[in-house]
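Presented below is the structure to which this report refers.
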Amino acid sequence: MNSQYEHFDTERLNAIPITEVARRLGCQLRRSGSVVKTLCPWHDDKRPSLTLYERTGENHCHCFSCGKGGSVISFTMQHEEWSFQEACRWLSTEFGISTTPAGSFVPRPKRKPAAKPVEPAYTYIPVEMVDELVTAENSLCKCLMRMFHPEAVEWVTEEYRLGTYAMGDHDDCTVFPSIDIHGRVCNLKVQHYETDPSSPRFAHSDKGSCYWLGSVWARQGRLPKDAQFQSKCLFGEHLLARYPESIVVLVESPKNALFGALAFPLWTWVATGNKGMLRREVLQPLQGRDVIVIPDRDAITEWSAAITKMADLANFTVFDICRQKAPEGNLKFDIADYIQQQHPVPF
């Protein structure tokens with residue numbers, strides 16, 4: 001039979017309970033609390049790390065180790081190393097869902113796995129070096145202390161592992177660690193913020209004050225001089241593993257994420273780091289999550305278009321509050337500016 005004339009009812013195929021599909025594929029299933037887990041076919045999994053979701057409105061899988069996952073069809077394809085047509089034929093035959101025209105399933109032998117591309121040997125910064133810096137004595141936390149309860153600021157300091165570092169003319173620069181979903185420290189961004197409440201730039205970073213501490217330490221010999229640092233990491237990414245069921249809010253800057261976490265602590269706030277980092281490989285850890293996207297005012301059009309192309313990755317909702325609330329002519333207005341308006345600073 002010529003497969004190009006086959007038509008599969010993919011909606012019904014993807015509605016087949018994914019745990020039953022996994023069982024018939026011979027997967028060993030393990031219940032962990034309210035979820036079912038099995039070995040992940042996307043990486044060399046030694047302990048079950050793929051979560052199978054069958055809650056109301058959900059029927060998919062996601063691995064919190066490698067960040068991959070997908071629908072019933074994509075899981076079947078990956079598990080058996082089948083093409084799309086082969087996976088759909090097997091599911092249709094196994095579960096009695098007709099195709100047009102009808103045909104029998106004849107799987108081809110499994111293909112040899114393709115050679116994986118060689119990634120650079122990234123240097124991850126020892127957690128102990130980051131722990132030495134963690135304190136709320138930095139310039140941004142000093143600003144936040146004026147707007148929010150000190151205990152709340154201490155909480156976000158610990159959650160995001162914020163630190164303090166002496167750089168240039170300042171001994172209270174703020175350190176933003178980029179920690180991936182596996183708990184590895186990819187790099188540390190260092191910036192200084194205006195702490196004078198009478199200044200119009202209060203709680204805004206000094207121009208030209210941004211440094212990457214990994215590179216600084218490599219030059220100083222504290223890390224290998226040929227170190228290569230992973231750049232595809234969300235700020236706050238490590239919290240996705242800690243709070244797997246929470247709604248995620250995606251913003252541009254780490255400062256925006258901190259303001260958001262203090263104002264709306266029930267959500268998990270993460271940041272791309274800059275406008276150009278809104279890419280699929282960066283957002284991969286968000287797979288299968290409910291994500292509210294809040295672009296800065298000058299990025300709303302660009303981010304909305306990019307998110308539309310990644311609608312299969314997560315349940316994205318773009319919220320243009322920065323356009324709605326921005327003062328006339330302020331094109332750089334962001335969610336931190338809006339929250340700061342709601343928390344006036346006493347002089």
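Quick note: residue numbers are just sequence positions, from 1.
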Is Val248 reachable from Trp267 through a run of I, L, V, M, F, W or Y residues, each pair having side-chain heavy atoms under 4.5 Å apart? no
Is the CD atom of Glu11 crowded by more than 12 outside heavy atoms at less than 6.0 Å? no
Neighbour count >12 (heavy atoms, 6.0 Å) for atom NZ, Lys142: yes
Verify whether one side chain among Asn315 and Asp290 offers a donor that lies under 3.5 Å from an acceptor in the other. yes
Lys/Arg cation over aromatic Phe84: Arg89, 6.0 Å, 45° cone: no
Quick check: are there more than 12 heavy atoms from other residues, nucleotides or ligands sitting under 6.0 Å from CG of Asp196? yes
Could you label the plane-to-plane angle of the Trp82 and Trp90 rings as parallel, tilted or perpendicular, counting under 30° as parallel and over 60° as perpendicular? tilted
With a 4.0 Å cut-off on N to O distance, would you call Lys332 and Asp334 a salt bridge? no
Taking atom types as modelled and ignoring hydrogens, do the side chains of Asp169 and His192 form a donor-acceptor contact shorter than 3.5 angstrom? no
Taking Tyr160 as the fixed residue, which of Phe259, Trp155, Phe235 is the one that meets the ring pair (Phe, Tyr, Trp, His ring centres under 6.0 Å) rule? Phe235
Applying the 4.5 Å side-chain criterion to the ILVMFWY set and letting contacts propagate, would Val216 and Tyr122 be lumped into a single cluster? no
Are there more than 12 heavy atoms of other residues, nucleotides or ligands under 6.0 Å from atom CD of Gln324? yes
Have Ser49 and Asp45 got a donor and an acceptor in their side chains that come within less than 3.5 Å? yes
Do Asn256 and Asp296 have side-chain N/O donor and acceptor atoms under 3.5 Å apart? yes
Between Ser246 and Thr268, is there a side-chain donor-acceptor contact under 3.5 Å, judged purely by atom types and distance? yes
For the residue pair Phe75 and His79, categorise the inter-ring angle as parallel (less than 30°), tilted (30 to 60°) or perpendicular (more than 60°). tilted
Establish, from distance only, whether the side-chain atoms of Ser178 and Asn187 form a donor-acceptor pair under 3.5 Å. no
Establish, from distance only, whether the side-chain atoms of Gln78 and Glu81 form a donor-acceptor pair under 3.5 Å. no
Consider only side-chain N and O atoms of Tyr165 and Gln191, and report whether a donor and an acceptor are under 3.5 Å apart. no
